[in-house]
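Some notes on the structure that comes next.
These values consider heavy atoms only, across backbone and side chains, with no hydrogens, waters or symmetry-generated copies.
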Amino acid sequence: MNAEVNTVPGAEPAAVAVALNAATRPFYWSVRRELWEHRALYIAPLVPAGIMLLFVILGALNIANGMHFGAPVSPEQQRGMLGGILSMLAGLVAVVACVTGFFYCLDALHGERRDRSILFWKSLPVSDLTSVLAKLSIPAVAIPAIVFSIVVATGLVILLIATLLVFVNGSNPAAMWSLPRLFHMTIMLLYILVALALWLAPIYGWLLLVSAWARRSTFLWAVMPPLAVILVEKLAFGTGYFALLLRDRLAGGFAQALAIDPNPAVDYAMSSHFPRQFTRVMDPGNFLASPALWIGLAVAAAFIAAAVWMRRYREPL
């Protein structure tokens, strides 16, 4: 029995290809495949969140077992306690997720050449550009979304436990449930994750390029060339501009995205004027106007284009 092909007479091949892509959604399924094959992307960030939650639960059990309660907890102390715990939670989860994303990028294109599964994937109607962009979307989009979901969900559980402890201690936990403050903290977390994803785009592009090119030892090929440039510059010219550039790219996203007051007496997370100061801390205008951001995105685009070319012509290992 012959299958009927739904085509329009006289339709251009390009139009047919666009319709086929829209029907099969190759990019969507390519991203789903990456998440299916690399479960560590969401399992690894759950580990620090689980450890933090375990410590909070153990602390609550110790209190419930008869530890001495002190004076009633003031609203400022409530904000300080909650802000410190949530900041530590977000930092730990983000660090683990970044490390996981680093090693994912190094193995994303190298692994499919190593196990020769690239021969199967190339037999499917999925372009090299779609495959590489799907892999780029994991550290740039999926990992920030995973971090955001884990931090928010774990933070809500911790908030409920802290509310119970404060209530048992004879204090009013209303200060911890200030809806504007919780909303602003959530938006702040989302903003930082998006800004860091954009800022680190050239790092992701470089790692994917190395993954597509190197035959073995992808970690060494990713790390040694920048270190060699730093060493040659230092020996030849006595300067360290590339080292500063690399340092700013790895750790300078906060300085570009946030307008942090250098006065240590100002604590934005604990202040009673947090909503007003929150808008002063976030500085998306300065971040989007930064030439370093757009130069980094241009460099990332060049790395991704090179990775697409490498995937197209590089042989399996």
Side-chain angles (χ1 to χ4, degrees), residues 39-101 142-197 254 257-258 260 264 266-279 281-282:
R39 297 183 179 180
L41 292 171
Y42 48 87
I43 293 178
L46 284 172
V47 174
I51 292 175
M52 178 70 71
L53 185 59
L54 178 62
F55 277 113
V56 172
I57 293 175
L58 291 177
L61 292 176
N62 287 333
I63 293 177
N65 286 334
M67 289 185 63
H68 176 68
F69 291 110
V73 183
S74 67
E76 291 295 329
Q77 291 174 325
Q78 294 179 27
R79 282 190 287 265
M81 175 182 64
L82 184 63
I85 293 176
L86 295 183
S87 297
M88 185 180 300
L89 169 67
L92 290 175
V93 173
V95 168
V96 172
C98 286
V99 173
T100 305
I143 288 181
I146 290 171
V147 171
F148 180 79
S149 302
I150 292 176
V151 171
V152 170
T154 309
L156 286 176
V157 176
I158 291 176
L159 180 59
L160 290 173
I161 296 174
T163 300
L164 179 62
L165 293 179
V166 171
F167 180 78
V168 171
N169 198 30
S171 303
N172 185 1
M176 292 190 298
W177 286 93
S178 173
L179 294 182
R181 182 172 177 274
L182 292 176
F183 174 77
H184 292 148
M185 291 177 67
T186 305
I187 296 299
M188 170 76 84
L189 173 63
L190 181 62
Y191 168 73
I192 291 176
L193 291 174
V194 172
L196 290 180
F254 287 102
L258 303 177
I260 300 296
V266 178
D267 191 332
Y268 298 101
M270 304 178 191
S271 172
S272 59
H273 302 290
F274 181 82
R276 176 175 60 83
Q277 293 175 340
F278 167 83
T279 58
V281 172
M282 285 178 52

Look up atom [atom1] in [X] and atom [atom2] in [Y], then write down how far apart they are to the nearest 0.5 Å.
X: Leu92; Y: Ile51; atom1: CG; atom2: CD1; value: 8.5 Å
X: Leu86; Y: Leu156; atom1: CG; atom2: CG; value: 9.0 Å
X: Ile43; Y: Thr100; atom1: CD1; atom2: OG1; value: 10.5 Å
X: Ile158; Y: Leu89; atom1: CD1; atom2: CG; value: 5.0 Å
X: Met282; Y: Ile187; atom1: CE; atom2: CD1; value: 7.5 Å
X: Leu190; Y: Phe148; atom1: CG; atom2: CZ; value: 5.0 Å

Please name the residue in the list Val95, Ile150, Val93 that meets the side chain to side chain contact (heavy atoms under 4.5 Å, CB included) test with Pro48. Val93

To check you understand the geometry: which heavy-atom pair defines the closest contact between [X] and [Y], and what is its length?
X: Ala97; Y: Val147; answer: CB-CG2, 3.3 Å
X: Leu193; Y: Pro144; answer: CD1-O, 3.5 Å
X: Val96; Y: Ala44; answer: CG1-O, 3.4 Å
X: Ala90; Y: Val151; answer: CA-CG2, 3.9 Å

Check: Tyr42 side chain, Ala142 main-chain N or O, donor-acceptor pair, under 3.5 Å: no

State, yes or no, whether a side-chain contact exists between Thr154 and Met52 at a heavy-atom distance under 4.5 Å. no

Tell me, do Met188 and Leu258 make a side-chain contact under 4.5 Å, heavy atoms counted? yes

